[in-house]
Amino acid sequence: MIRSGDTALYWRAQRERNRGLLGLFAVVAAFLALYAYLFPGLLTVAGISKFAQSWLPLALVAMAQAILMLTGGISLAIGATVSLGAVIAATTMTGYLGVAGGVVAVSAAGLAIGALCGVIAIRLRLPAIIVTLAAAFIIAGLALLILPRPGGAIPGWFSDLLAGNTPAALFILIFIALLWKLYLATPLGLSLYAAGENPVGAYRAGVPVDAARIAAYAISGLLSTLAGLFIAAQTGSGDPVIGQAFTLNSIAAAVLGGVGFLGGRGTMRGAIAGSLLLSVMINVMFFLGFSPVAQYVAQGLIIIGAVALPQITARFRRTR
Amino acid sequence: MSEPQSSRFPAWSPRSLLRNRAFLTVLIVALVWIVAGFAKPGFGSYGHLRYLLELAAVIGLVAIGQTYVVIAGGIDLSVGAIVTVSAVGVPLVALSGDSSGVLAVLIILAAATSIGFLNGLGVAYLRIHPMIMTLAMATFLQGVLILIAGGTAISAQNPVLAWLGNARVLGIPAGVLLWAVVSAAALAVLHATPFGARLFALGANPLASALSGINVQATTMAVYAVSGLTAGLAGVLILGMNGQGYVGIGDPYLLASIAAVVLGGTSILGGSGSYAGTIPGAVLLVTITALITVVNASAGWRSILFGSLVLLLLLLSGRESQRR
């Protein structure tokens, strides 16, 4: 915990962390400006609402992936978990559980599945990448059992509340970012970076490494199913394979945001900025009338460029 | 290199044999085949087992490159896309003067190798994490594929491919034969050449290998090029077996190749393992899939069964050593 006398140190540490992200923030700002220039409607409440709605699912999965990567883990099951969240939402909310019950069911499923993955990967000492790969099959199968083909329904008022002409998505995102700040102040949150950066050292120093990691998996599962819930609200129904693309996009967003694969490196604001960059990029290319082909090609090139640029500039700085 | 070599292949004794993960995987495969053969008439027939081997050959070929890359401390998420590119690409590069089709296959294999080489270039010189580099490459290739193939299936009129997909040499499918030959070469390169030794060193500790004079960049580019080549070979083989290629044909092989590598006992963290384990790993995956098909379950249950079985097998063979 930070004592009041340490605020100067706190801000110096924050400045140090932000410095690596300045380039990313600049690129994101440039893309946002370009988008607003191409599509002036963005700068209205409706425009911001629509944009936040297209961004929120990606931001949520980027956070879900980033929290795992901070502890030195990774999940290839994020996409399947998003699908599962969507089908649970679409099958429970119009039933006797109601909307509130549906939200609880979706959250509980996310927490339970994430925690289970975490326990298997960490307690049984199996590599996370392959545990979550197998989990992706199991979770995708569960989603197919619950809803074999697209269907189900979300109450209209709930869809309008989340994905109508209200900036609810933006508020949800800000709210979750604030919750993240709070989490970092709890014992488990504090252990997060330590468990990722130097697990052996942290363990010796009395940090609950395993608990911090399993909690990270649970939170990651929760964020993923919530992304699925939001997508279901957007489309008004559930689709058992809708989440597929999110696995790789979540990794791309987190890495664009400067989160390292080996744990302990990176910030959540970076991951959110990374997801924003991906999201704006897709929107801008759509508005410029790029064909889907060119979109794929450009997306590949931009990801490589954005990840390589800091490396190259760092090398120049070193040789100079 | 003699020290880790001898520990990887210890002297023959019953105890050490049971610790050998490659051998354990073979044991599991044999057990599954015997039990399934008794439980389900027809499963153990020669024709069916031969068919399973043919399917395993494709996974096995993709998994050669994946094993190399994983041992060297990386991962290749673009193999599925490369398989598709080569399966769809062969008919496109068929030249009029090339009646045998050999040239088209060679051009495609060269193209697949250069795609892998580009992956290596990004990982080695731009210092992009392998997962991101190969993922971006897959995205990029997906765009290129839609451009060249669209949504239609492309059929191949290629004598070499037709032979590769259908011929039986002394009763053995040509594809399985190809797999056997390439596997032998892959094992020899991995365990009996300086290049193979460098892969283990690189995966175990990149900094130490750089300081001991290994050309890390060149080795990295070579290993991803090998991965591109074997994925290209797999694409050619699957086109021969299928008769036609379409966008998405290679997608299942990405996850299958990673699963085969890990089931075969190669550490996903790099530095240890062998292709000798990946071979039974590939056969095991195909066998599991066939068993699940026999059970006649719905798509959801099939997926759950597959994931659970992989997880279970992992518990038997894939535990990482404790790190504290």
Side-chain angles (χ1 to χ4, degrees), chain A residues 74 76-77 80 120 124-131 133-148 199-201 203-204 209 240 248-249 251-252 254-256 260-262 291-312 314-315, chain B residues 70 75 77-78 81 118 122 125-133 135-148 150 251 254-256 258-259 261-263 267-269 297-315 317-324:
Chain A
I74 192 159
L76 298 182
I120 292 172
L124 302 180
R125 298 197 316 271
L126 293 172
I129 189 167
I130 192 82
V131 168
L133 184 61
F137 281 98
I138 300 174
I139 297 167
L142 283 176
L144 276 174
L145 284 190
I146 293 173
L147 202 63
V200 179
Y203 178 76
R204 296 256 185 267
V209 172
L248 296 181
N249 276 336
I251 300 175
V255 172
L256 277 180
F261 274 96
L262 298 175
S291 67
V293 179
Q295 282 186 33
Y296 277 122
V297 174
Q299 209 176 324
L301 290 177
I302 292 175
I303 290 176
I304 293 178
V307 176
L309 211 58
Q311 296 284 354
I312 296 171
R315 192 176 310 172
Chain B
V70 169
I75 193 159
L77 297 183
S78 67
L118 282 179
Y125 281 104
L126 302 180
R127 300 180 56 77
I128 303 171
H129 191 280
M131 218 179 229
I132 286 299
M133 182 62 218
L135 163 64
M137 179 59 83
T139 314
F140 179 85
L141 291 178
Q142 212 165 357
V144 173
L145 272 173
I146 297 171
L147 195 68
I148 61 175
D251 291 354
L254 166 59
L255 299 184
I258 300 174
V261 168
V262 176
L263 284 179
S267 165
I268 200 82
L269 304 171
S298 73
W301 277 115
R302 275 209 300 270
S303 186
I304 294 176
L305 272 174
F306 183 74
S308 314
L309 281 172
V310 168
L311 209 54
L312 204 71
L313 292 169
L314 210 65
L315 269 175
S317 71
R319 294 179 79 149
E320 297 284 332
S321 57
Q322 188 135 23
R323 258 165 279 162
R324 69 164 75 99

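Within every chain, numbering begins at 1; the chains are lettered A, B, ... in the order of the sequence lines, protein sequences first and strands thereafter.
A 4.5 Å side-chain heavy-atom check between I129(A) and M131(B) finds at least one atom pair inside the cut-off. In this structure the side chain of L145(A) reaches within 4.5 angstrom of the side chain of I304(B), judged on heavy atoms.
Considering every non-hydrogen atom in both A259(B) and I130(A), the closest pair reads CA-CD1, 3.9 Å. Closest of all the heavy-atom pairs between L135(B) and A252(A) is CD2-CB, 4.4 Å.
There is no contact between L141(B) and chain A, counting heavy-atom distances below 4.5 Å. Using a 4.5 Å cut-off between heavy atoms, S298(B) touches chain A through its side chain atoms alone. Contacts between I258(B) and chain A at a heavy-atom distance below 4.5 Å involve backbone atoms as well as side-chain atoms. In this structure, chain B has no heavy atom under 4.5 Å from any part of I139(A). Looking at L256(A), neither its backbone nor its side chain comes within 4.5 Å of chain B, counting heavy atoms on both sides. In this structure, chain B has a heavy atom under 4.5 Å from the side chain of V255(A), while its backbone stays farther away.
Per-residue heavy-atom pair counts under 4.5 Å with chain A were compared for L309(B), L77(B), T139(B), I75(B), and the maximum is reached by T139(B). Taking G300(B), S308(B), A299(B) one by one and counting their heavy-atom pairs under 4.5 Å with chain A, the maximum is reached by G300(B).
Looking at residues two or more places apart in sequence or on another chain, you find a side-chain contact (heavy atoms from CB on, under 4.5 Å) between L255(B) and L133(A), F137(A).
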